[in-house]
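Notes for the one structure printed next.
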Amino acid sequence: MREIILSVTNRCNLRCAMCQIPEMEDGNEMSTAQLKGVIRDSLVLGPDNVVFSGGEPLLRDDILELISFASGYKINTCLTSNGTLITEGMARKLSSCGIGVVNVSIEGPEEIHDSLRGKGSFKKAEEALKNLLRNKIEATIATVVCRDNYQALPFIMELAHRFSVNTVKFQPFSDIFLMDKERKRRFIFTEDIRLESRKIIEQVIDLACRYKVSTNPDSYLRSIPDYLGGYRQAYHPDGCPALRYSCPITCDGRVLLCWVLSDKSIGSVKQGRIYSLWNSARHNRLRRAAIKNGCAGCLMSCYDYNPGQGKHRSLLHLARKPGQLRKPGLYKNQYYRFYRWLRYISGKLTNPVYYGLSIKGHGHLEDGEAGAIEEINSAQEILKDKIREIRGHA
């Protein structure tokens, strides 16, 4: 596992046009103690990152405590925010609790951004970038690509360059966060826009190289026009890597196969431990079914993050975009990753039962432990992915 995405709340102080999360029934938010338990139990799985998302995570009174708790275990932490609550004082607090990265949502120039997220939100998001960078916190600009803002994507790159932001993440609009699916017509591409946006994407790729700003893999960016134009995307031949690498958890504790397949719940961390659910027979059955039946070819950010992970770590990528070397937390993250790897390996050697590897006297693995075999198979697939990636760079 590389990433646990904790949606800590559905509450939000904005009402964005492309998102109805605040209107969705969220059941009961997990308590501070429950969320700390999930973070602590996840150490067994050796995640690289814990992402705190929402809604707006900063609406939780305990969010700084949760970030500090995760950082104490040397897990890289990421916060996704609309930026409106990141004052100078909040940025100082985030720095003190050890936050790794803060993703700030910006959709384009002030007029476009405010039309999508609410009047006055652009200036607050822009101020959030200043406050984060002033406090030496790595800030990422996150942009939802849609019909309203596709022409403004080069502006986002210029903004990143102006503020010395090293990373921009683009994600095409998805209706999975809309209750009223009819609203998606506003955001998808017509045929003429699809063709025009291809040229704009090439501008984005050129600007990323010129300004040494890291962004999504080029192949991912070039897929966005067709995706928003209604063309099905080819999925990974061995199954979407997000099924093995990414673990989304809703604010009421449900562990999902992925955000798009939100009807496929593995179980709840309120009733079971995250490592047991991750290695459970049910999870492995759902993964195999998803791989066998394919998917609609989504371009969610977890899909981008996982196939692009090797590229972002490679020497070739650093040579092309040396701005990565200026990231405030780069070297700390590498140290954290090595520390967690040692902890993960030593844990398997010293406490195999805890890691779901115990065999009962009758010689069979119990249902909750049977996932250990599947986890080994998954590790083999990950290794195959890495070998293919290395050959691709050769």
Side-chain angles (χ1 to χ4, degrees), residues 1 3-16 18-43 45 47 49-73 75-87 90 93-94 97-105 117-118 128 142 174 176-180 246-278 283 300-302:
M1 179 193 292
E3 186 173 66
I4 291 179
I5 307 172
L6 286 174
S7 179
V8 294
T9 184
N10 279 359
R11 291 176 287 141
C12 189
N13 59 327
L14 297 182
R15 292 296 180 269
C16 302
M18 60 285 196
C19 173
Q20 291 182 296
I21 288 178
E23 300 171 38
M24 296 179 180
E25 184 178 350
D26 59 4
N28 297 314
E29 290 182 3
M30 284 188 281
S31 67
T32 306
Q34 287 171 326
L35 284 165
K36 284 184 175 180
V38 173
I39 293 168
R40 185 171 51 247
D41 290 345
S42 73
L43 297 174
L45 302 170
N49 306 289
V50 173
V51 179
F52 296 96
S53 70
E56 174 50 58
L58 290 176
L59 289 178
R60 281 195 66 122
D61 295 335
D62 60 355
I63 189 63
L64 297 174
E65 181 181 351
L66 293 170
I67 293 170
S68 181
F69 183 80
S71 298
Y73 283 107
I75 302 177
N76 298 321
T77 52
C78 175
L79 179 78
T80 63
S81 174
N82 57 43
T84 59
L85 302 178
I86 304 179
T87 60
M90 176 56 71
K93 291 177 181 177
L94 286 168
C97 69
I99 189 67
V101 182
V102 178
N103 296 332
V104 178
S105 298
R117 293 190 173 266
S174 172
I176 66 171
F177 300 121
L178 286 180
M179 298 171 65
D180 178 10
S246 185
C247 178
I249 303 176
T250 64
C251 65
D252 59 357
R254 288 175 296 120
V255 182
L256 307 179
L257 189 63
C258 77
W259 288 118
V260 175
L261 302 174
S262 58
D263 58 327
K264 304 293 191 299
S265 175
I266 300 165
S268 172
V269 292
K270 290 182 178 180
Q271 279 80 48
R273 299 290 184 87
I274 182 62
Y275 54 80
S276 296
L277 294 172
W278 184 262
H283 188 194
M300 293 296 288
S301 57
C302 52

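No hydrogens, no waters, no symmetry mates; every other heavy atom, side chains included, goes into these values. This is a predicted model, so every value here is computed, not measured.
The two residues Ile99 and Ser71 come nearest to each other via the heavy atoms N-OG, 4.5 Å. Of all heavy-atom pairs spanning Thr250 and Met30, the tightest one is O-CE, 3.6 Å. The two atoms that bring Ala70 and Thr77 nearest to each other are CB-CG2, 3.6 Å, heavy atoms only. Of all the heavy atoms in Cys247 and Val255, the pair that sits closest is SG-CG1, 3.8 Å. Scanning all heavy atoms of the two residues, the minimum distance from Trp278 to His283 falls at O-ND1, 2.8 Å. What you find for Pro22 and Cys19 is that their closest heavy atoms are CD-SG, 4.3 Å.
Between the OG1 atom in Thr32 and the CG atom in Asp62 there is a gap of 3.5 Å [rounded to 0.5 Å]. Between the CG atom of Leu45 and the OH atom of Tyr275 there is a distance of 9.5 Å, given to the nearest 0.5 Å. The CZ atom of Phe69 lies 15.0 Å from the CG atom of Leu64; values are rounded to the nearest 0.5 Å. Residue Ser68 holds its OG atom at 11.5 Å from CG of Leu94, rounded to the nearest 0.5 Å. Rounding to the nearest 0.5 angstrom, the gap separating the OH atom in Tyr73 from the CD1 atom in Ile39 is 9.5 Å. Within the model, atoms CG of Asn76 and CD of Glu3 stand 10.5 Å from one another, a figure rounded to the nearest 0.5 Å.
Evaluation of the salt bridge (charged side-chain N to carboxylate O under 4.0 Å, His left out) rule for Lys264 yields no partner, not counting sequence neighbours.
Leu59 places a side-chain heavy atom less than 4.5 Å from the side chain of Leu85. Considering only heavy atoms from C-beta on, Ile21 stays 4.5 Å or farther from Cys12 through its side chain. In this structure, Ser7 and Trp259 have side chains that are in contact, with non-hydrogen atoms separated by less than 4.5 Å. Looking only at side-chain heavy atoms (C-beta outward), Cys97 and Ile67 come within less than 4.5 Å of each other. Using a 4.5 Å heavy-atom cutoff, the side chains of Leu58 and Leu79 are in contact. Contact of the Asp252 side chain with the Asn28 side chain is not registered, since no non-hydrogen atoms from C-beta on lie closer than 4.5 Å. Counting only heavy atoms from C-beta outward, the side chains of Leu66 and Leu6 never approach each other to under 4.5 Å. At a threshold of 4.5 Å between non-hydrogen side-chain atoms, the residues Ile5 and Thr80 do not count as touching.
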task: Give the C-alpha distance, both sets of side-chain angles, the deciding distance and a yes or no for side chain to side chain contact (heavy atoms under 4.5 Å, CB included) between Val269 and Gln34.
output: CA-CA 8 Å; Val269 292; Gln34 287 171 326; over 6 Å; no

- request: Start with the C-alpha gap between Met18 and Arg117, add the side-chain angles, then the distance that decides, and say whether side chain to side chain contact (heavy atoms under 4.5 Å, CB included) holds.
  value: CA-CA 9 Å; Met18 60 285 196; Arg117 293 190 173 266; 3.6 Å; yes

- request: Please test Ile4 against Ser42 for side chain to side chain contact (heavy atoms under 4.5 Å, CB included), starting from the C-alpha separation and ending with a verdict.
  value: CA-CA 8 Å; Ile4 291 179; Ser42 73; 3.0 Å; yes

CA sep, side-chain torsions, deciding dist, call: Leu43, Ile75, side chain to side chain contact (heavy atoms under 4.5 Å, CB included): CA-CA 9 Å; Leu43 297 174; Ile75 302 177; 3.4 Å; yes

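Arg60 places no side-chain N or O within 3.5 Å of a backbone atom of Thr9 that could act as its donor or acceptor partner. In this structure, the side chain of Asn49 does not engage the main chain of Val51 through any donor-acceptor pair within 3.5 Å.
Residue-environment remark: NZ (Lys36) exceeds the threshold of 12 foreign heavy atoms within 6.0 Å. Annotation for Asp61: atom CG does not count as buried by contact number, only 12 or fewer foreign heavy atoms lying within 6.0 Å.
For the salt bridge (charged side-chain N to carboxylate O under 4.0 Å, His left out) with Arg11, the lone residue among Glu56, Glu23, Glu29 that qualifies is Glu29.
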